[in-house]
Amino acid sequence: AQSVAQPEDQVNVAEGNPLTVKCTYSVSGNPYLFWYVQYPNRGLQFLLKYITGDNLVKGSYGFEAEFNKSQTSFHLKKPSALVSDSALYFCAVRDRGDRDDKIIFGKGTRLHILP
Amino acid sequence: DGGITQSPKYLFRKEGQNVTLSCEQNLNHDAMYWYRQDPGQGLRLIYYSQIVNDFQKGDIAEGYSVSREKKESFPLTVTSAQKNPTAFYLCASSADRGTGSGNTIYFGEGSWLTVV
């Protein structure tokens, strides 16, 4: 069965510094990988996804993520953090070979950008 | 604008009551989903539907029911059998028919349900 782990409940970064939010996954086949962001009292907003091809994926609001098959990771990154990036971030995985085609979400990482 | 509309945003349920959360999408998506979000537990799948008039239980279906009579609508009923229904409920949709595609799941703005 597929699973996804976000090892940090919270990440604190100073404004202007680079940020990384970690995600590792486990699937029996090849994965589709996603990142979402959630602001308080709102739904999840799609940031980016990896389907195939280039391991570095660029998404909304200057975020990017790198697919690393050997480390089974898909860490979210941004070169320079903004206070407005403070939110809850979810990593998600879909197993291409899963007949049920379910998407599994991590528990989320709360990102605090300090002014 | 295209999107997913959930209503109401806030709903209060008395003990023993059934309540229904509405979810409508105008994205022409085949698949629709209901998730429950509790603090520190991420998202848990309640029910999903890949096509009209068909739906499957997710990981925590007990105490919930759904229908999919129209492509654009997927209402969730929280029954009195659900003993701890206070949570944030998220409806979502995606274009795929469940064939292992990489189609993105898009979410509505969520509904808060509180037991009083």
Is there a side-chain contact between A:Arg42 and B:Phe88, using heavy atoms and a 4.5 Å cut-off? no
I need the A:Phe34 CZ to B:Ile105 CD1 distance, nearest 0.5 Å. 7.0 Å
Heavy-atom cut-off 4.5 Å, strictly under: side chain, backbone, both or neither for A:Ile104 against chain B? neither
Is it the backbone or the side chain of A:Asn41 that comes under 4.5 Å from a heavy atom of chain B, or both, or neither? both
Check whether more than 12 heavy atoms from other residues, nucleotides or ligands sit under 6.0 Å from atom OH of A:Tyr39, and answer yes or no. yes
Which atoms of A:Tyr36 are under 4.5 Å from chain B, going by heavy atoms: the side chain, the backbone, both sets, or neither? side chain
Does atom CZ of A:Arg110 have more than 12 heavy-atom neighbours, drawn from other residues, nucleotides or ligands, at distances under 6.0 Å? no
Using the rule that two of Ile, Leu, Val, Met, Phe, Trp, Tyr join whenever any of their side-chain heavy atoms come within less than 4.5 Å, decide whether A:Leu19 and A:Phe74 are in one cluster. yes
Contact between A:Ile103 and B:Tyr35 at the side-chain level, heavy atoms closer than 4.5 Å - yes or no? yes
Joint hydrophobic cluster, A:Ile113 plus A:Tyr61, side-chain heavy atoms closer than 4.5 Å: yes
How about B:Gln37 and A:Phe90: do any of their side-chain heavy atoms sit closer than 4.5 Å? yes
Is the closest side-chain heavy-atom distance between A:Leu44 and B:Tyr106 below 4.5 Å? no
Heavy-atom distance under 4.5 Å between the side chains of B:Phe107 and A:Phe46, does that happen here? no
Take atom NZ of A:Lys107 as the centre, draw a 6.0 Å sphere, and report whether it contains more than 12 heavy atoms from other residues, nucleotides or ligands. no
What part of B:Tyr89 is in contact with chain A, defined as an atom under 4.5 angstrom from a non-hydrogen atom: side chain, backbone, both or neither? neither
Please indicate whether B:Lys9 has more than 12 foreign heavy atoms, meaning atoms of other residues, nucleotides or ligands, lying under 6.0 Å from its NZ. yes
Heavy-atom contact with chain B under 4.5 Å, split by part of A:Gln45: neither
Between A:Arg94 and B:Thr104 (side chain of the first, backbone of the second, donor and acceptor by atom type, cut-off under 3.5 Å), is there such a pair? no
In this structure, would A:Phe105 and B:Met32 fall into the same cluster of hydrophobic residues linked by side-chain contacts under 4.5 Å? no
Atom CD of A:Gln10 with >12 non-hydrogen neighbours under 6.0 angstrom: yes
